[in-house]
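Because the structure is predicted, anything quoted here is derived from the model rather than measured. Indexing begins at 1, ligand by ligand and atom by atom, following the structure's order.
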Amino acid sequence: MKQRDEHAKKYEAEGVFDDNYGLETRLFDALSMTMRHRYLYVCNMRTNMSRWSKSIVQDYLPGEYMFDAGNIWLQCIHPDDRQAYLDDIGNVFNGKSLYHDLEYRAKDANGNYVRCTCNGYRLKGVGEEPDLFVGTIQNHGVIENIDPVTSLYNVYEFLNQVKRVHRQHVPVDILVLGISGFHLINDTYGYTNGNKLLLNLAQQLQNLATDDIMLFRLNGMKLAFMLPCSSRSAVRELYETALYIVKNELSLEGEPIRLYIAASAVHYEGTDEDGSTLLSELDYLIEMSKREKNGELIYVDEHHEDSPRHRLDVLGAVKRSILNNCEGFYLVYQPQVDFLGRVIGAEALLRWRSITHGVVPPNEFIPWLENDISFYDLGLWILRQALYDGLGLLKNNPVFTISVNISYRQLERESFLEDVLDILAETGFPAENLVLEFTEHCRTLEPNRLQYIVNFFNDHKIRIAADDFGTGYSALMLLRSIHFDTIKIDQNFIRGMLSRNADKVIVNTIIDCAHKLDTKVCVEGVENEDLMHITRGYEAEYYQGYLIAKPLELAALKAFVEGKEMAGE
Ligand code: C2E
Ligand code: MG
Ligand code: MG
């Protein structure tokens, strides 16, 4: 019976193309055979029968011919992305739109979520002909493995190789080079010339990739060598040679060009197959090499006290949690009090916990995660969660503020501004009770852009605090052009006041300066009475620290606030 049904379905679906000597069917076959990494579909909108290329059946779906495939496919889509998918596809089916164009996460046959881009188009039928809905789904986990600009293997092949090392247990050394200075080249010589230069660099580096050494172009301006298990001195030698090339051997239109590199490396034993976690760690170290080490090569295990294996285990698990609806993440809240000791708000601080790894503090994963694409989703989750939690606190205290930390990568994304407004609307949390704390790195954004963002939020009644104020060279310069509602002085200065007079002078001066610019000051890291006493002498507006309370889970925060209210503070 089942077989007969299948047969009937197949027959009906083949009718998708009417009688045209099977030309379209053969075309469909040919296209789907040549597009291993892009899945093709055609749906007869009248009968809701559709045909799918064989490769999607291997990776996801139960059959090549399906009735109501939209709903079958829906089950593969990440629950958080389903509504967006239903809305977009709904518009095509109800005639409001001709196009379907959406990116979402979908779970493959191995149970892993991968990012897919789905593009579809409604072909209008004439007379009796049905409308067809035709399109492709691109699975970014498995797209082609060659970079078109340099012709080097790309990041997908790199990840394949990591898997191979894992399977075969043959250790390798990986050297990643982050090239900077390219935006200047593109601005000065144009994009096409920029690509030529990159190609030239890739060719010169490829000459170093003799024997079993492989060279890859990873995302952005990053290149990676994978060497069969080598000594550290051999890896360093390779790095030195690459450094020489980027400094001395490149030219454009007859002019010598000098680029800069930062580098990271790992000796990889193949113990873990999660290549993308390994990559995020290498990316993170590149950023650190750039910012703190003048481009020097940093080896994964030189940087951390924990074994690299343990660390990568934790980071991989943290990242998988994000894809899994942010399971394992939760927020704690540290109260903030005013000059008179009244609780005026709380800062939301992220935590992550798992059965195997226990509670992991944010400093151990946020700087690393910031480089990962999944961080954006986590950031929105944090904001949404903090605002829902905050609603309960506003009932008794309508001026209570919730402060949420925001990092550089979130501000970089164009959509962030609207996303914040959407979450305010969704939660019903009043904008005037929200403070966004821009962490130190945010202030490296282009000043005009930063100013625009601050103005945008202020216009919507959202206040901005500058976190970790005083770190970085340009802190004071920023006050000239941007008006923050509050600055939070970096805790190192606060703690330093107990032993160094200079720190007292600096803190006093920063507070004075802020007040003259009509900016409030929050003192963080108030650990004891001495620090409280000193900073109260400088008349800072707000105080936060272990002396007042450690970060508390929501219920404990509520009890803390109520306790203070009962005590009449
Ligand atoms: P931050 O925003 O400057 O947060 C203050 C940090 O100081 C918190 O550490 C807090 O627990 C700690 N702290 C507060 N009072 C005291 C004190 O009296 N003494 C000492 N020694 N420490 C104190 P935590 O929770 O480990 O967070 C560290 C950093 O991680 C934060 O620094 C922030 O930059 C980042 N972070 C935390 N949660 C988030 C988040 O949701 N999003 C983003 N983007 N970053 C976050
Ligand atoms: Mg903060
Ligand atoms: Mg801070």
Side-chain angles (χ1 to χ4, degrees), residues 318 321-322 326 328-337 345-353 359-372 374-387 389-390 401-413 416 419-420 423 434-443 445 463-472 475 484-498 507 510 521-532 534-535 540 542-554 556-557 560:
V318 170
S321 291
I322 301 181
C326 296
F329 288 100
Y330 63 101
L331 295 177
V332 289
Y333 295 89
Q334 189 172 34
Q336 298 166 328
V337 298
E347 176 178 4
L349 294 160
L350 184 65
R351 298 288 180 268
W352 179 81
R353 155 175 65 198
V359 175
V360 180
N363 280 339
E364 288 188 20
F365 60 83
I366 287 189
W368 174 87
L369 258 189
E370 275 180 339
N371 292 310
D372 194 273
S374 57
F375 185 70
Y376 191 77
D377 291 339
L378 178 63
L380 297 184
W381 179 90
I382 294 168
L383 183 64
R384 189 176 285 114
Q385 185 66 36
L387 299 193
D389 287 350
T401 56
I402 289 285
S403 299
V404 178
N405 289 287
I406 301 297
S407 46
Y408 176 78
R409 294 286 179 205
Q410 291 169 281
L411 295 188
E412 254 187 347
R413 282 270 286 265
F416 183 69
D419 283 341
V420 171
I423 291 175
L434 172 63
V435 175
L436 299 179
E437 290 190 9
F438 287 5
T439 48
E440 190 269 326
H441 196 192
C442 292
R443 299 196 289 277
L445 274 179
R463 282 171 281 169
I464 306 297
D467 207 352
D468 323 314
F469 191 85
T471 52
F484 292 101
D485 180 77
T486 309
I487 56 171
K488 300 186 80 175
I489 302 179
D490 189 65
Q491 294 189 34
N492 283 323
F493 288 118
I494 305 298
R495 268 191 291 277
M497 291 197 299
L498 291 177
V507 171
I510 293 179
V521 175
C522 177
V523 182
E524 278 193 277
V526 183
E527 282 181 359
N528 55 44
E529 292 289 356
D530 285 348
L531 288 175
M532 189 65 156
I534 300 171
T535 44
Y542 309 126
Y543 303 82
Q544 183 182 341
Y546 293 170
L547 177 69
I548 299 144
K550 288 205 163 175
L552 306 167
E553 296 209 15
L554 184 62
L557 173 73
F560 178 84

Worksheet item: Do NZ/NE/NH1/NH2 and the carboxylate oxygens of E524 and K488 come within less than 4.0 Å?
Response: yes
Practice prompt. Provide, to 0.1 Å, the distance between atom 16 (C) of ligand 1 and the closest protein heavy atom, together with that atom's residue and name.
Written response: Y546 CE2, 3.2 Å
Worksheet entry | Closest E347 atom to the Mg ion (ligand 2) [N, O or S only] | OE2
Fill in: Heavy-atom gap E527 to ligand 1 smaller than 4.0 Å
yes
Worksheet item: Numbering the atoms of ligand 1 from 1, which are under 4.0 Å from a heavy atom of D468?
Response: 3 (O)
Practice prompt. Examine ligand 1 and decide if any of its atoms is less than 4.0 Å from a heavy atom belonging to K550.
Written response: no
Practice prompt. Quick one: look at V332 and ligand 1, take heavy-atom pairs under 4.0 Å, and tell me if it's side chain, backbone, both or neither.
Written response: neither
Worksheet entry | E553 side, atom CD; R351 side, atom CZ - distance, nearest 0.5 Å | 9.5 Å
Item to complete: Specify whether the nearest protein heavy atom to atom 41 (O) of ligand 1 is under 4.0 angstrom away.
Response: yes
Discussion item. Can you confirm, on distance only, whether ligand 1 has an N/O atom lying under 3.5 Å from any N/O atom belonging to Q491?
Written reply: yes
Worksheet item: Is the Mg ion (ligand 2) less than 2.8 Å from an N/O/S atom of S403, whether that atom is in the backbone or a side chain?
Response: no
Practice prompt. Could you tell me whether ligand 1 has any atom less than 4.0 Å away from a heavy atom of K488?
Written response: no
Discussion item. Tell me the protein heavy atom at minimum distance from atom 1 (P) of ligand 1, and give that distance in Å.
Written reply: D467 OD2, 3.7 Å
Discussion item. Set out, in order, the CA-CA distance, both residues' side-chain angles and the distance that settles side chain to side chain contact (heavy atoms under 4.5 Å, CB included) for L378 and L350, then state yes or no.
Written reply: CA-CA 10 Å; L378 178 63; L350 184 65; 4.0 Å; yes
Practice prompt. Starting from atom 14 (C) of ligand 1, find the nearest protein heavy-atom neighbour and note its residue, name and distance.
Written response: Q334 OE1, 3.0 Å
Worksheet item: Which one holds for Q544 and ligand 1: side chain close, backbone close, both close, or neither close, with close meaning a heavy atom under 4.0 Å?
Response: neither
Worksheet, complete the sentence: Taking only non-hydrogen atoms of S407 and a 4.0 Å limit, the atoms of ligand 1 in range are 44 (N)
Worksheet item: By number and element, which atoms of ligand 1 are closer than 4.0 Å to a non-hydrogen atom of R495?
Response: 20 (C), 21 (N)
Worksheet, complete the sentence: CG (L554) and CG (D389) are apart, to the nearest 0.5 Å, by 4.5 Å
Worksheet item: Taking heavy atoms and a distance under 4.0 Å, where does P362 meet ligand 1: side chain, backbone, both or neither?
Response: side chain
Worksheet item: Which protein non-hydrogen atom lies closest to atom 5 (C) of ligand 1, naming both residue and atom, and how far is it?
Response: E524 OE2, 3.2 Å
Discussion item. As an exercise, state the distance from CD1 of I322 to CZ of F365, rounded to the nearest 0.5 Å.
Written reply: 8.5 Å
Fill in: Identity and separation of the nearest protein heavy atom to atom 30 (O) of ligand 1
N363 OD1, 3.4 Å
Worksheet item: Step by step, would you call V318 with E364 a side chain to side chain contact (heavy atoms under 4.5 Å, CB included)?
Response: CA-CA 11 Å; V318 170; E364 288 188 20; over 6 Å; no
Worksheet item: Should L387 and I423 count as side-chain neighbours, where that means a heavy-atom distance under 4.5 Å?
Response: yes
Fill in: Sub-4.0 Å atoms of ligand 1 with respect to non-hydrogen atoms of G525
16 (C), 17 (C), 18 (O)
Practice prompt. Decide yes or no for L445 and F438: does some side-chain heavy atom of the first lie under 4.5 Å from some side-chain heavy atom of the second?
Written response: no
Worksheet item: About how many Å separate CD of E370 and OH of Y408, when rounded to the nearest 0.5 Å?
Response: 10.0 Å
Worksheet, complete the sentence: Under 4.0 Å between heavy atoms, the region of I382 that gets near ligand 1 turns out to be side chain
Practice prompt. Take the angle between the ring planes of W381 and F329 and call it parallel below 30°, perpendicular above 60°, tilted in between.
Written response: tilted
Item to complete: Return yes or no for this condition: an N or O of T439 is under 3.5 Å from an N or O of ligand 1.
Response: no
Practice prompt. Examine E437 and say whether one of its N/O/S atoms is closer to the Mg ion (ligand 2) than 2.8 Å.
Written response: yes
Worksheet item: Of all the N, O or S atoms in D467, which one sits nearest to the Mg ion (ligand 3)?
Response: OD1
Worksheet item: Between Q544 and Q336, does any side-chain donor sit less than 3.5 Å from a side-chain acceptor?
Response: yes
Fill in: Main-chain N/O of C326 paired with S321 side-chain donor or acceptor, under 3.5 Å
no
Worksheet item: Nearest protein heavy atom to atom 11 (O) of ligand 1, by residue and atom, and its distance?
Response: P551 CG, 3.4 Å
Worksheet, complete the sentence: With heavy atoms and a 4.0 Å threshold, my read on which part of V404 contacts ligand 1 is neither
Worksheet item: Which residue and non-hydrogen atom of the protein lie closest to atom 35 (C) of ligand 1, and at what distance in Å?
Response: I366 CD1, 4.3 Å
Discussion item. For A549, is there any backbone N or O sitting under 3.5 Å from a side-chain donor or acceptor partner on Q334?
Written reply: yes
Item to complete: Please check atom 32 (O) of ligand 1 for a protein heavy-atom neighbour under 4.0 Å.
Response: no
Discussion item. I'd like to know whether ligand 1 has E370 as a neighbour, heavy-atom separation below 4.0 Å.
Written reply: no
Discussion item. Students should be able to answer this: which protein heavy-atom is nearest to atom 43 (C) of ligand 1, and at what distance?
Written reply: N405 CB, 3.5 Å
Worksheet item: What's the spacing between C522 SG and D467 CG if we round to 0.5 Å?
Response: 9.0 Å
Discussion item. Checking V523 against V507 for the side chain to side chain contact (heavy atoms under 4.5 Å, CB included) test, could you report, in this order, the C-alpha distance in whole Å, the side-chain angles of both residues, the deciding distance, and whether it holds?
Written reply: CA-CA 9 Å; V523 182; V507 171; 5.9 Å; no
Item to complete: Working to the nearest 0.5 Å, report the span between CG of L498 and CG of L531.
Response: 4.0 Å
Worksheet item: Do F375 and Q410 have side chains that get closer than 4.5 Å, going by heavy atoms?
Response: yes
Worksheet item: Considering only N, O or S atoms, which atom of E524 is nearest to the Mg ion (ligand 3)?
Response: OE1
Discussion item. Counting only heavy atoms closer than 4.0 Å, does ligand 1 sit against the backbone of L350, its side chain, both, or neither?
Written reply: both
Discussion item. Does either side chain, that of D530 or that of N528, offer a donor lying less than 3.5 Å from an acceptor on the other one?
Written reply: no
